[in-house]
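This report concerns only the one structure given below.
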Amino acid sequence: MAKIMMKTPLVEMDGDEMTRILWKMIKEELILPFVDLKTEYYDLGLENRNATDDQVTVDSANATLKYGVAVKCATITPNAARMDEYHLKEMWKSPNGTIRAILDGTVFRTPIIVKGIEPNVKTWEKPITLARHAYGDVYKNVEMKIPGPGKAEIVFTAEDGTVTRDTIFEFKGPGVIQGMHNTEQSIRSFAQSCFKFAVDTRQDLWFATKDTISKKYDHTFKDIFQEIYETEYADKFKELGIEYFYTLIDDAVARVMRAKGGFIWACKNYDGDVMSDMVSTAFGSLAMMTSVLVSPKGVYEYEAAHGTVQRHYYKHLRGEETSTNSVATIFAWTGALKKRGELDELPALSAFAEKLEKATIDTIESGYMTKELAAMTTLPDVHVLNTEEFIRAVRKNLEQ
Ligand code: NAP
Ligand code: MG
């Protein structure tokens, strides 16, 4: 069988620990035998980030801007313990943070639905994709403890010296205050990424804030989304038969709980932090959740939503058997290959990626899965596979 040809390389960002091991197996067993794989390889493993003073992370993000599509393995974000473990020169920043700062994107997380792993919410039949605005608000706040009586004010000094001020509260006793900000530019690029992704995936887009209470702050988010929708996307949405739907955040939460799924839910930073944990837990497992960074510049970076699965890696190093779920990492590859196929007009490449996804889902639905899924499945005949066995079972299905 002739291998499927590619035109433009994928930006390949290798990573750490157990997911680095999955990465190699997935390439060797599921991709290289079928695709004449073209990638530009960047080793984002912590050792190489340390050796290159993290330049490799910056280079990989710039390559993504150049080529348009990247696939990323999970990576360690160093903390004090990692400083010792890897003898680091510095506590390097989170690669995802560095990449996101360069690509300026929004992360979309989507659960992979399989029969036998039932969402806790009975009405959910299709995935709900959560998009979290990743800049500002409470995450970049300034807080103050108020020791006793006095007046708290909010003050803005313009470049020309003009001062605007407002009273926050006249304290009669101790309390707390908090100042938050966001920028129009960041909100615009968040909105652009959301509309773009809705068009790409042909799904409705929901957005919600608390604009009835926050008449300037949240209302600005609402207005920017509405403006971009009307000026740039309304026609395209109509043509595709999809909808942009704005509501209040509490109404959105209520609707999500009785919805069937199959839409994108755009959330402000804090709402997205909280709701993404709720949605991903209710869908089953982090190992069944994919993640794509969509930049308003029109570039895409695919990865798994989980981390490097450190505990399994240490077991692996001790020579013990592991049963690590590779589904989200497989789907990071298929997401990237599909997008590359679409951009380069290579339908065979996109079709291959879809077949690999189907083979993966079929493997689980026929009862062959890793340990953590076996513990939660409703399927009757379950075979627990180790890390390699699962990938080989997918290969067998794929070949069929
Ligand atoms: P994690 O790697 O997501 O793993 C947490 C636990 O979830 C695992 O110990 C395992 O539970 C379960 N799990 C996660 N993925 C699984 C899979 N594919 N198959 C089976 N079980 C899975 O999170 P962490 O242990 O908190 O973080 C480890 C490292 O990953 C950290 O250094 C962190 O910086 C990094 N991280 C990277 C990213 C990223 O690159 N996007 C994201 C998050 C974390 P059991 O041990 O109970 O089996
Ligand atoms: Mg959180």
Side-chain angles (χ1 to χ4, degrees), residues 12-23 25-26 42-50 54 56-57 60-61 70-86 88 91-100 103 105 107-112 114 117 132 134 273 276-277 280-281 283-293 301-318 320-333 335-336 360 363-364 368-377 384-391 394:
E12 176 183 355
M13 304 169 173
D14 207 345
D16 288 299
E17 299 193 313
M18 202 60 204
T19 41
R20 190 179 178 98
I21 291 172
L22 297 179
W23 196 259
M25 288 180 187
I26 291 169
Y42 292 87
D43 183 1
L44 266 56
L46 186 50
E47 275 169 25
N48 194 46
R49 274 182 277 149
N50 192 52
D54 210 20
V56 66
T57 308
S60 72
V71 55
K72 180 180 171 291
C73 180
T75 46
I76 293 169
T77 297
N79 55 16
R82 302 297 198 166
M83 294 289 291
D84 296 337
E85 187 182 354
Y86 285 83
L88 300 181
M91 205 184 284
W92 306 110
K93 284 196 223 133
S94 145
N96 286 5
T98 303
I99 294 166
R100 197 163 58 211
L103 304 185
V107 172
F108 295 80
R109 282 176 140 202
T110 308
I112 300 152
V114 295
I117 309 294
R132 173 182 173 188
D273 185 354
S276 64
D277 280 9
S280 59
T281 305
F283 269 111
S285 163
L286 255 198
M288 297 292 284
M289 181 78 63
T290 58
S291 191
V292 54
L293 177 75
E301 182 230 306
Y302 293 83
E303 66 169 345
H306 59 78
T308 60
V309 213
Q310 181 182 17
R311 216 177 60 82
H312 295 208
Y313 181 58
Y314 290 162
K315 274 178 84 172
H316 170 81
L317 290 182
R318 290 195 299 267
E320 292 168 34
E321 183 172 71
T322 56
S323 182
T324 312
N325 186 335
S326 48
V327 173
T329 307
I330 295 173
F331 273 64
W333 275 98
T360 307
T363 303
I364 298 171
Y368 293 84
M369 61 191 80
T370 44
K371 197 169 155 191
E372 96 299 351
L373 288 186
M376 66 175 85
T377 185
V384 179
L385 304 184
N386 68 30
T387 307
E388 297 91 330
E389 284 167 349
F390 179 76
I391 290 175
V394 173

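Just so you know, residue 1 is the first one in the sequence shown, and it goes up from there. Reckoned from all heavy atoms, side chains included, excluding hydrogens, waters and symmetry mates. Start at 1 and go down the list; that is how both ligands and their atoms are numbered.
Contact annotation: Lys371 has no heavy atom less than 4.0 Å from any atom of ligand 1.
Judged by distance alone, the side chain of Thr377 and the main-chain N or O of Leu373 form no donor-acceptor pair under 3.5 Å. No donor-acceptor pair under 3.5 Å is formed between the side chain of Thr322 and the backbone N or O of His316. Using modelled atom types, one side-chain atom of Arg20 and one backbone atom of Gly15 make a donor-acceptor pair closer than 3.5 Å. Side-chain atoms of Asn48 come within 3.5 Å of backbone atoms of Asp43 as a donor-acceptor pair (strictly under, hydrogens ignored). Looking only at distances, a side-chain donor or acceptor of Arg49 sits under 3.5 Å from a matching main-chain atom of Ile76. Looking at Thr387, its side chain does come within 3.5 Å of a backbone N or O of Thr324 through a donor-acceptor pair.
At least one protein heavy atom sits closer than 4.0 Å to atom 35 (C) of ligand 1. For atom 7 (O) of ligand 1, no protein heavy-atom neighbour is present inside the 4.0 Å cut-off. Within 4.0 Å of atom 27 (O) of ligand 1, not a single protein heavy atom is present. Remark: atom 24 (P) of ligand 1 lies closer than 4.0 Å to no protein heavy atom. Protein heavy atoms all stay at least 4.0 Å away from atom 12 (C) of ligand 1.
Backbone and side-chain nitrogen or oxygen atoms of Thr324 are examined, and none is located within less than 3.5 angstrom of a nitrogen or oxygen of ligand 1. Considering backbone and side-chain atoms together, Gly307 places an N or O closer than 3.5 Å to an N or O of ligand 1. Residue Gln310 has no N or O atom closer than 3.5 Å to an N or O atom of ligand 1. Where the criterion is an N or O separation shorter than 3.5 Å, residue side chain and backbone included, Ser326 fails it with respect to ligand 1. Taking any N or O of Ser323, backbone or side chain, none lies under 3.5 Å from an N or O belonging to ligand 1.
Counting the atoms of ligand 1 from 1 in the order shown, those under 4.0 Å from a heavy atom of Ala74 are 40 (O). The ligand atoms of ligand 1 that sit less than 4.0 angstrom from a heavy atom of Lys72 are 40 (O). Of all atoms in ligand 1, listed by their number and element, those nearer than 4.0 Å to a heavy atom of Ala287 are 16 (C), 17 (C), 18 (N), 19 (N). Counting atoms of ligand 1 from 1 in the listed order, those under 4.0 Å from a heavy atom of Glu303 are 41 (N).
Ion pair Arg100/Glu303 not flagged as a salt bridge, since none of the NZ, NE, NH1 or NH2 atoms sits closer than 4.0 Å to an Asp/Glu carboxylate oxygen.
Atom 22 (C) of ligand 1 has its closest protein heavy atom at Val309 CG1, 3.8 Å. Closest protein heavy atom to atom 14 (C) of ligand 1: His306 CB, 4.0 Å. Of the protein's non-hydrogen atoms, Asn325 N, 2.9 Å is the one closest to atom 19 (N) of ligand 1.
There is a side-chain donor-acceptor pair under 3.5 Å between Thr370 and Glu372.
Within 6.0 Å of atom CD in Glu85, more than 12 heavy atoms from other residues, nucleotides or ligands are found, so the atom counts as buried in its surroundings.
Looking at Arg82, Arg311, Glu372 and measuring to atom 47 (O) of ligand 1, the nearest heavy atom belongs to Arg311. The heavy atom nearest to atom 29 (C) of ligand 1, out of those in Asp16, Thr308, Leu44, is found in Thr308.
A pairwise comparison of heavy atoms in Gly105 and Leu293 identifies C-CD1, 3.6 Å as the closest pair.
Rounded to the nearest 0.5 angstrom, Asp54 CG and Trp92 CH2 are separated by 6.0 Å. Here the OG1-CD1 distance, from Thr290 to Ile112, works out to 5.0 Å after rounding to the nearest 0.5 Å.
The residue Val327 has no part lying near ligand 1, judged by heavy-atom distances below 4.0 Å.
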